[in-house]
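Written out below as structure tokens is the structure these notes cover.
Note that these values count all heavy atoms, side chains included, but never hydrogens, waters or copies made by symmetry.
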Amino acid sequence: MLNTEVGAVLAVIRRTPDPSSQFLPQPEENIDPAILNSLRSLRALLFNPLQKWHNIDPSFYLSPFLEVIESDNIPATATGVALSAILKILKLEIFNEKTPGAIDAMHSVVNGITNCRLETTDPISEDAVMMRILQAGSAFLVLLATIRNPASVLLSDHAVCTLLNTCFQVVQQSASRGDLLQRSARHTMHEMVQVIFARLPLVESSELDVETSTSISYGARCVGDIFHFLCSMLNAVEVVDADGMQTTNTDEDVQLFALVLINSAIELSGERIGKHPKLMWMIQDDLFHHLIHYGLYSSPLVLSMISSTVLNIYHFLRRSLRLQLEAFFTYVLFRVAAGGSSVQLQEVAVEGIISFCRQPTFIIEAYINFDCDPIRTNLFEDIGKVLCKIAFPISSPLSSMQIQAFQGLVAMIHNIADKMENDKRPHPESYALEIPGYQPFWVERCQNYYDLETWVKFVRVRKFQKKKIMIAANHFNRDEKKGLEFLKISHLVSEPPDPKSYAYFFRYTPGLDKNKIGDFLGDPDEFNLRVLKDFSETFEFSGVILDTALRTFLETFRLPGESQKIQRILEAFSERFYEQQSSETFVSKDAVFILCYSLIMLNTDQHNPQVKKKMTEDEFIRNNRAINGGKDLPREYLSELFQSISNNAITVFGQSSTSMEMNTSRWVDLMKRSKVVEPYLLCNFQHHLSRELFASISGPSVAALCAIFEHVDEDEILHECIDGLISIARIAQFGLHDILDELLSSLSKSTTLLNPYASAEETLFAFSNDLKPRMATLAVFTIANKFGDSIRGAWRNVVDCLMKLKRLKLLPQTVVEPNTESTTTHDLSKQSKSESGVTFPSSYTGLGSSRKASGLIGRFSHFLTLDSGDDSMTSGGSEFEQNLKIIQKCRIGSIFSESSNLPEESLLSLGRALIFAAAGKGQKFSTPIEEEETVGFCWELLITITSANLHRFLTIWPSFHDFLLAVAQFPFFSPCPFAEKAIIGLFKICLKLLSSSQTDKIAEELIFKSINLAWKIEKEILDTCCESITQSISKIVSEYGENLQTFLGWKTILHLLSLTARHPETYDEGVETLILLMSSGALITKLNYAACIDCAFGFSALKISSLETSTKLIDLMAESVPMLVQWYQLEYSDPESNCSNFSSTSSSSMEDGMKPNSSLAVNLFVKLADTLRKTSLVRREEIRNHAVAALKRSFSSADELGFTPSSCINCFNLVIFAMVDDLHEKMVEYSRRGNAEKETKSMEGTLKMAMELLVEVFLQFLKLLSLNPSFRTFWLGVLRRMDTCMKADLGDNYESQLQFLVPELLKKMITVMKEKEILVQRDGDELWDITNIQMQWIAPSVKEELFPEDDF
């Protein structure tokens, strides 16, 4: 190979001149003979080597070729051949790092290439030689990159830098020589940078800090110098002549090339750069400063490269770049994306933001490092707001940038949703946060970063405190005192107040009114002065020139106008600056103070347009003589200050409406803070902060996606939009109920089902012919199915959509499938569907019993299946078939049948929505039939959710009952259909409750309380629903009578039975039910006895009741007395056995005159007797007489009831006396009517029986009655009724039979009283005196017969 290359070089040198050649070869005699001799000598020794080739000094066979390329008199073609020879030698690795003389040989190659001389020829030939040079350099760099030549490590730092500099010079010089040459040079330089930085991981970090490296191989110093050179390339400018004037513009071409090289360097070095402090400092300071400075005013291409570079840096080095990353987003990406630049530049900024968001952990890290830090910006929240603002549709169709922002927003939402652990949802109470007391949170750090639970709690509390701070800032801007008071209430400052906490509040809270901060800091109050001192101590001024420090200080507030306040503020600044100055420039803080005043005056002088004569530098220096302890400050120092102020005014915040930019002072301050700031925390989504993460952007995200869905028509965007909304729902299930409600509320509007201005035909047409409403409808019900446990107020929107589908007849016949497991009665299991088309009871197992969001099949587009399948939403078929497919996919039934999985709050909201919808709230009915069907449908659904939640009936039904009460107060409430469907539904629920094995008394009372409310809302429903009510009551009595445990329950069903059975169509079933109840000893209890008696009276007194039925019921009432006796005996043996029953029954019967202190059995007997008394007043004589006879039998069986004297008298007053008085009154009333002799006679007959009953019962309980202190009064009452009946005036044409009966009855009573010595004939005996007088008045014959004159 060497022989061939030597021959080629010699051949080119000796070539005969060609007239057509483009260059003039030198004659051989003009060529240095040493070069020719060297080549010939090499050729002669090639085949007679003294030792092996890898032991021969490489300079031996390299130097002849190097002499050729370094010679000025060698033809260009010969130089190219020589370079080719060197390239072959390097590629073949003839020598390595162990070969003697390898170091000198490698450096000779470098020197030869960099000192290559070209003959002056035409440009084409020169280009060819330059190409060969760059090819050799490229081959050399390839060898270095692949480490095929081990000797490459022997190059020194200077040699490598020389090679790179040579390449860059060629790049610069070839700019005007041709694109091919420049591209080749750039490629070579790029490859060289890759090789150099790929070796960085092998370099010790300590090497970079050594000023003079003793290593013979290149390393850290070379890398540092090259990286610094690459950063400086970003500052490249070009001079442009315009109208005879020279201006400088940024050389964009060089910047792009520099960014490419920097990107490669960072990619190849990776995290290893962070091990080298000097390299890391260059990235933190120089590189980022350039990137931020040029990023704001660059072209789209440069900004794109800058964003890519920052993204690469983020990927490897973000732990050390917390403030730099924040500044890049704040001062570059956000400002460009916000507008004011070209659309192309905005698109690049948006793409840059999205590129960051696509990183697996960027959004969670941004939230933790910035949004949860009180002194950092809300970076993630700002990203979300920027994307939402840009994506928000203003017109249709969307622009490319809007689509880009929209897709980025959706991708970010998907990222959050996919990372959330659905199976580990924390308890809702864990979301609540509070600040128990003040903690110095501004600079607080977590005590244990390795304990996940501790760290997460720390982050969440910090974010909560930050939110409170922003609220305090809002208060402060409106009212300073209220803002500071809020800080105390929220425990954001200590108590008593700590000046440092206030100083941190003023220093780090964004958005504060700078004028108010300045006024507070300048106040002479002692506490304010302490705050001012602590405020100034938050600044770091070491190593900073005075004007930069002053700029940084004054940017945080606005100087007040009062001179004394300005003085106090500048004194605090001067003291802080003097304490931290690193040089001996100032001898005291007073010198700093004076110079600060002078700088402010200079700033006003130089930049106030009203000042015509500007101060010169000499005048400024002269004005500041002898201010430094009687001595002058260095003239150079003052000159630098003057130039800085003159060229760049000190901008006091608030004086201009322009936004802040990253100027030198801010960057210096940023670098100061970056030295002490907490490192960028690395984390992932396993920290359970995704909920809080999304909550910060939830509002704008929902608004943007819903608006896009409403405005766009492209199918792909619609699908992406729905996917995003579903992902929001997946996130919102973690305690973000308001967000989910807002989402459903907005999405429901897109269904077109809730448009109040559209007719039914218009709504149906839109739904059937537009994909968007169907997609929205499917999305609404899918969310309700999968995330119903997190829905609250939005159940109203879901129910409203469902009701509209019902009215449009878009629902199938059976919305809810039957579930035989939950059907406990034979009849209900047979019932296939209700009148509204819904089958109950029901459940739907199509989606499984689990409501976990992880069951959602991928994205929502899987549900839509818009491809060409049989289930496609747009597949063929009629409109009805297409609509039916959509409704089937909605799986509406499972929402209600699986409601047992809903938490209590969600279930109550669903029930409220159904009840209010049934009452007509939010509904618009076109016909009464439509209203009736809708109300029925709502109640059927309410029955379904109640049936599915019987296990927690006690929890949910009190609220449901309150909703029913609220419904009755609606201003335009239509009670008839609501109450009608309500009572039917409530009885179905009641049957469900009673059919369960363990019926709770409280639950039973709750449902019957609602039943009573329903029929009292509109009593006419008892007529329209009589059959259904009677059937339900009959089923309750016949099948679940033993399960009915409350007085309210029995009273309600028996009362309703007596009311509804008045109708001929329900009479027979009602009577049968009542007879069954009263005939069964097991069903009659102390709870229902009184209600049974009332119901029996109601039936027996009905005109439509047959005589047989009435007498049967009267007999059943009379035959119940032995049962009362049995209860009394049980009560007597165990007085506490029925305490609760006695309490409920007696208290509810007080209105009937019962005495609560009496025995329960006696009270019930009084109830029975009083009912028979009322029965004795009906028009039909047979029933009256039968009732009196039954009453007589009842009293005859009541001896063992344990009547007391007072209870006996009470019974007489309530029953017997009242019956006699009423019968007498009716008899007299009939006698005064014309042609009423028959009725009068009939009523007299009943009165005779009543009088006989009175006497018989009187004699039966005479002994007890006589023991009562009020017996005399009672006896007088008996005698007066005898007298009333004896002297009844029935007219001249009718002779009363009572005149014959009363004396006999009186005689009978007095005789017995006389025999038992209750009535004794003696003077002064009041009882005798009364009796004697009354006998003479009523029937003198009785007195004469029983007490002759001789007896006196």
Test ring-ring contact (aromatic ring centres under 6.0 Å, His included) applied to Trp939 and Phe978, step by step: CA-CA 9 Å; Trp939 271 102; Phe978 177 84; 5.8 Å; yes
Residue pair Thr1109 / Phe1099, side-chain heavy-atom distance below 4.5 Å: no
Arg1180 CZ to Lys1103 NZ distance, which is reported to the nearest 0.5 Å: 10.5 Å
Side chains of Leu1279 and Leu1306 in contact at under 4.5 Å (non-hydrogen atoms): yes
Side-chain donor or acceptor of Asn1210 paired with backbone N/O of Ser1206 under 3.5 Å: no
Contact check, side chains of Lys1316 and Lys1263, non-hydrogen atoms, under 4.5 Å: no
Pair Asp1094-His1055, side-chain donor/acceptor within less than 3.5 Å: no
Tyr1089 and Trp1127 aromatic ring geometry - parallel, tilted or perpendicular at 30°/60° bounds: perpendicular
Trp1050 to Ala1091 - nearest heavy-atom pair and separation: O-CB, 4.1 Å
Distance, nearest 0.5 Å, that separates OG1 of Thr1175 from CZ of Arg1184: 12.0 Å
CZ/Arg952: more than 12 non-hydrogen atoms of other groups inside 6.0 Å: yes
Closest non-hydrogen atom pair between Ser996 and Asn1043, with its separation: O-ND2, 4.3 Å
Under 3.5 Å: donor-acceptor pair, side chain of Thr1111, backbone of Glu1108: yes
Crowding at NZ, Lys1174 (>12 non-hydrogen neighbours, <6.0 Å): yes
Cys1208 to Leu1264 - nearest heavy-atom pair and separation: SG-CD1, 3.9 Å
Atom of Cys990, atom of Ile1036 and distance for their closest heavy-atom approach: SG-CD1, 4.0 Å
Exam field: side chain Ser1034 to backbone Gln1031, donor-acceptor pair closer than 3.5 Å: no
Under 3.5 Å: donor-acceptor pair, side chain of Ser1207, backbone of Phe1203: no
Flag for Ser1270-Thr1273: side-chain donor and acceptor within less than 3.5 Å: no
Heavy-atom donor-acceptor pair, Ser1079 side chain to Leu1076 backbone, under 3.5 Å: no
Nearest atoms (heavy-atom pairs only) where Gly985 meets Ile943: CA-CD1, 3.4 Å
CG/Leu1267: more than 12 non-hydrogen atoms of other groups inside 6.0 Å: yes
Geometric class of the Phe953/Trp957 ring pair [parallel <30°, tilted 30-60°, perpendicular >60°]: parallel
Check: Thr1030 and His1063 side chains under 4.5 Å, non-hydrogen atoms: no
From CA spacing to verdict: side-chain contact (heavy atoms from CB on, under 4.5 Å), Val1121, Phe1195: CA-CA 9 Å; Val1121 177; Phe1195 273 105; over 6 Å; no
Glu1069 atom CD: more than 12 heavy-atom contacts under 6.0 Å: yes
Crowding at CD, Glu1182 (>12 non-hydrogen neighbours, <6.0 Å): yes
Pair Lys1226 + Glu1239, salt bridge at N-O below 4.0 Å: no
Backbone N/O of Ser1110 and side chain of Ser1100: donor-acceptor pair under 3.5 Å: no
Between Thr1066 and Thr1060: side-chain donor-acceptor atoms closer than 3.5 Å: no
Member of Leu1048, Leu993, Leu994 meeting the side chain to side chain contact (heavy atoms under 4.5 Å, CB included) criterion with Glu1004: Leu994
Under 3.5 Å: donor-acceptor pair, side chain of Asn1213, backbone of Ile1209: yes
N/O donor-acceptor pair under 3.5 Å between Ser995 side chain and Lys992 backbone: yes
Candidate pair Leu1054 and Cys1092, rule side-chain contact (heavy atoms from CB on, under 4.5 Å), full reasoning: CA-CA 7 Å; Leu1054 290 171; Cys1092 287; 3.6 Å; yes
Ion pair Glu1252/Lys1192, N-O distance below 4.0 Å: no
Pairing of Arg1173 and Asp1170 as salt bridge, 4.0 angstrom limit: yes
Pairwise side-chain contact, Lys988 with Glu940, heavy-atom cut-off 4.5 Å (strictly under): yes
Glu1200 vs Gln1129, side-chain contact (heavy atoms from CB on, under 4.5 Å): CA-CA, chis, key distance, verdict: CA-CA 8 Å; Glu1200 300 180 13; Gln1129 293 172 350; 3.2 Å; yes
Interatomic spacing from CG in Leu907 to OG in Ser900 - rounded to 0.5 Å: 9.0 Å
CG-CZ distance between Leu1172 and Arg1193, expressed to the nearest 0.5 angstrom: 9.0 Å
Check: Phe1261 and Asp1199 side chains under 4.5 Å, non-hydrogen atoms: yes
Sole residue of Leu1298, Asn1185, Val1188, Leu1223 in side chain to side chain contact (heavy atoms under 4.5 Å, CB included) with Lys1248: Leu1298
Rounded distance [0.5 Å steps], OG1 in Thr1052 versus CD1 in Ile1033: 9.0 Å
Steps toward side-chain contact (heavy atoms from CB on, under 4.5 Å) verdict (Ile1318, Leu1265): CA-CA 10 Å; Ile1318 295 175; Leu1265 292 170; over 6 Å; no
Geometric class of the Phe1217/Phe1274 ring pair [parallel <30°, tilted 30-60°, perpendicular >60°]: parallel
Check: Ser1105/Tyr1067 side-chain N/O donor and acceptor closer than 3.5 Å: yes
With Val1255, the side chain to side chain contact (heavy atoms under 4.5 Å, CB included) member among Gln1260, Glu1304, Met1282: Met1282
Tyr1128 ring center within less than 6.0 Å of Phe1165 ring center: no
Residues Ser899 and Asn949: side-chain donor-acceptor under 3.5 angstrom: yes
Distance, nearest 0.5 Å, that separates OG1 of Thr1046 from CG of Asn1088: 10.5 Å
Side chains of Leu914 and Ile945 in contact at under 4.5 Å (non-hydrogen atoms): yes
Donor-acceptor contact present, side-chain Trp1015 to main-chain Ile983, <3.5 Å: no
Under 3.5 Å: donor-acceptor pair, side chain of Ser1058, backbone of Cys1095: no
Nearest non-hydrogen partners of Val935 and Ala918, listed with the distance: CG2-O, 3.1 Å
Flag side-chain contact, heavy atom, 4.5 Å: Phe1258 against Ile1216: no
